Protein chains: 2
Amino acid sequence: MASHGARGRSGGRPTLEEVAARAGVGRGTVSRVINGSPRVSDATRAAVEAAVAELGYVPNTAARALAANRTDAIALVVPEPETRFFAEPYFSDMLKGVGAELSDTEMQLLLIFAGSDKERRRLAQYLAAHRVDGVLLVSVHADDPLPDLLAQLEIPAVISGPRSAAETLTSVDSDNYGGARSAVEHLLGRGRGKIAHITGRLDVYGAQRRVDGYRDALGDAGHQVDERLIEAGDFTEEGGARAMTMLLERCPDLDAVFAASDVTAAGARQALREAGRRIPDDVALVGYDDSAIARHMDPPLTSVRQPIEEMGRRMIDLLLSEIADRRPAVSRGLEKRQMVLATELVTRASS
Amino acid sequence: MASHGARGRSGGRPTLEEVAARAGVGRGTVSRVINGSPRVSDATRAAVEAAVAELGYVPNTAARALAANRTDAIALVVPEPETRFFAEPYFSDMLKGVGAELSDTEMQLLLIFAGSDKERRRLAQYLAAHRVDGVLLVSVHADDPLPDLLAQLEIPAVISGPRSAAETLTSVDSDNYGGARSAVEHLLGRGRGKIAHITGRLDVYGAQRRVDGYRDALGDAGHQVDERLIEAGDFTEEGGARAMTMLLERCPDLDAVFAASDVTAAGARQALREAGRRIPDDVALVGYDDSAIARHMDPPLTSVRQPIEEMGRRMIDLLLSEIADRRPAVSRGLEKRQMVLATELVTRASS
DNA sequence: ATCACCTGTGGGAGCGCTCCCACAGTACCT
DNA sequence: AGGTACTGTGGGAGCGCTCCCACAGGTGAT
């Protein structure tokens, strides 16, 4: 009831027109002020700002979007079935970075799930309707058609984790190669000689890069890479346990394992226990992600930490600049659009 | 280039007007069809649908929002500094539920962080501008002004975790009282007699309810509640360790601990180890949340699982029905608007 | 004085929808 | 025959902005 009374005054929230009347200026001038145009005299600007404050004016997004043909919104597209992405710390950390970087802009963040076919069709409609100014893509598989759709629709997009070395989209990634190297070098430095590697899903580019880092770290240290010490995992605990079992069978004398994720390491630990190997006395173990699991494992797990929050921030930076570039029709050309951020090895009792 | 050719035809994406022309009907009729109005003949409907399909028409959200004064968007407001919420499994599970329930509606999901003051001011503006049709509120403290703001603006809202027994907002919660009871009853059933409780932050209503459940479970089993066996924690690992240390000092003969969260239990486990107590032989341990930590703890932790994904789904259900209720001006009155979902005890080796 | 060219400003047109009034057509009463 | 009451449809008005053209008034060159 109270609200009805309040609305009665002028029929709801103040409009730009009412602000103009109050400030004694035209509609165009108010628009210029709230959009930060420099072509307004100081006196006028002050008058408009006062009127805005007095009326508590807030621009109507829908009207603005309709008139200006932009949405001031970006979408974070999440491939839901990919539970790996939802796992701690990835998703929450990235969201923190994204949120932080977005907080001093006017941009909205839309969360879109693209797991099921139905959801994907809906997403395609969204994009076709240009309901967002830009898209953040995470955890995309090599054969996903989404990036091409985005390119075709000319929608600015940034991908986290490029699909391959030849990624065409702007991308942000952590240094999987360097991270793997640092893990292996750490183990070598601890005097370990027979270091095994349980890989991630090899259709994920980052997992491949970790294998590359593993190989090169060994090679550069003068070790011959023993293919029998490499076993494919899939980022899951079961996969880690399975791989570890096979490795122990093949090479009972291994003295260290570098796993492509903490969850994988947890599975490996299980298998090692069951085989009666002590960690780190018999076998040193290193994981990847520095998740809660690593901190709480027994013994606590040495792990490679990715700057995920920072990645989220950088993705927003790049996306916003792509959006800005596109607005004045002429793109600013080919800058360096593949960003790689350093990782950090967090040493704990497992190695 | 291809896309430019396609756009050239009529200057961009097809509009409702173009669909109308193509189908040989008026604008209003097309609007009725795409909004599912029953007042359209079957023949006309078919013609319009054909035209929509041929042109690949997708309604312009901005125009619709402007004309209809609704946004078809809801906001999930996240109090960011509250890292507890971001922790696994809470956030990701809830998001899964929310996403699933939203996937067969036209609603968009906006993620809004309301951590810093700046972000909160921005949020207030959002809400004042009615840029969303409804709000999902999670992890709200007793003294948060946000719920009142929402009520004042008459924006439909659903809260997860009521602020008190007298919560006025529609809420969805898990049965904290029952969950705690089941944990304590389980320990009693295992023959434990001196069961301690490390609480959560007591300014969180759910934490209070867990204390209530703990007390009543003991009382109903004919045990006198020993106040010295209750120690306040804060949902953190350090808090759990601190509380455990104090409990051991005060009551060295305790034989079980019910912790208000898995993280708290992890801290308690640390303190128990350092005091030389074996789990579960000397002291049984039960946590709350059934997080990754519980599964990977050594020994694996018995824990109370909350149906968080289900909570997300129910929140959306309730919110959508509130939004729908509000549309035809007359509210459908006071149904049961406080929903409580059952928990489940997951038994593992720690108890 | 005339012209050119700035800066600052007002306001019309139009973005693509929804809402609602008007009205033709049909059906069924009195 | 005239009334009343539907159903289905067309299209004007208007949502609150941005864009852009027009124009007033100032400044400095010719």
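Residue numbering restarts at 1 for every chain, and letters A, B, ... go by the order of the sequence lines. This structure is a prediction, so every number in the text was calculated from the model and none was measured. Values below: all heavy atoms of this structure, side chains included; hydrogens, waters and symmetry mates excluded.
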**Request:** Could you list all the salt bridge (charged side-chain N to carboxylate O under 4.0 Å, His left out) pairs where at least one residue sits in residues 44-67 of chain A, not counting sequence neighbours?
**Result:** A:Arg22-A:Glu54

**Asked** Which residue pairs pass the salt bridge (charged side-chain N to carboxylate O under 4.0 Å, His left out) test with at least one member in residues 98-118 of chain B, sequence neighbours excluded?
**Response** A:Asp104-B:Lys118, A:Lys118-B:Asp104

**Request:** Measure the angle between the two terminal helix axes of the helix from C:dA1-D:dT30 to C:dT30-D:dA1, five base pairs each, and quote it to 10°.
**Result:** 50°

**Prompt:** Judged by modelled atom types alone, do B:Tyr126 and A:Gln108 share a side-chain donor-acceptor pair under 3.5 Å?
**Reply:** yes

**Item:** Between A:Thr170 and A:Glu322: side-chain donor-acceptor atoms closer than 3.5 Å
**Value:** yes

**Fill in**
Hits for salt bridge (Lys or Arg N to Asp or Glu O under 4.0 Å) against A:Asp148, two or more places apart or cross-chain, chain-then-number order -> none

**Message:** Please enumerate all residues that pass salt bridge (Lys or Arg N to Asp or Glu O under 4.0 Å) together with B:Arg122, with sequence neighbours excluded.
**Reply:** none

[N] [atom2] sits how many Å from [X] [atom1], rounded?
{"X": "B:Arg131", "N": "D:dG16", "atom1": "CZ", "atom2": "P", "answer": "15 Å"}
{"X": "B:Arg27", "N": "C:dC20", "atom1": "CZ", "atom2": "P", "answer": "15 Å"}
{"X": "B:Arg13", "N": "C:dG16", "atom1": "CZ", "atom2": "C1'", "answer": "11 Å"}
{"X": "B:Leu16", "N": "C:dG14", "atom1": "CG", "atom2": "P", "answer": "19 Å"}
{"X": "A:His130", "N": "C:dC15", "atom1": "NE2", "atom2": "P", "answer": "18 Å"}
{"X": "B:Tyr57", "N": "C:dG16", "atom1": "OH", "atom2": "C1'", "answer": "7 Å"}
{"X": "A:Glu17", "N": "D:dT18", "atom1": "CD", "atom2": "P", "answer": "12 Å"}
{"X": "A:Arg32", "N": "D:dT18", "atom1": "CZ", "atom2": "P", "answer": "11 Å"}

Not counting sequence neighbours, which residues clear side chain to side chain donor-acceptor pair (under 3.5 Å) with [X]? List them please.
{"X": "B:Thr15", "result": "none"}
{"X": "B:Thr105", "result": "none"}
{"X": "B:Arg313", "result": "B:Glu310"}
{"X": "B:Asp93", "result": "none"}

**Message:** Counting only side-chain nitrogens and oxygens, does A:Asn69 get under 4.0 Å of the OP1 or OP2 atom of D:dT18?
**Reply:** no

**Request:** Tell me whether the OP1 or OP2 atom of C:dT18 has a side-chain N or O from B:Ser31 closer than 4.0 Å.
**Result:** yes

**Message:** Once side chain to side chain contact (heavy atoms under 4.5 Å, CB included) is applied, do any residues pair with B:Ser31, and if so which ones, sequence neighbours excluded?
**Reply:** B:Leu16, B:Asn35

**Item:** DNA chain C contacts among residues 58-65 of chain A, heavy-atom distance under 4.0 Å
**Value:** none

**Fill in**
Ordered by number, residues from residues 36-50 of chain A within less than 4.0 Å of DNA chain C (heavy atoms) are A:Arg39, A:Val40, A:Ser41, A:Thr44

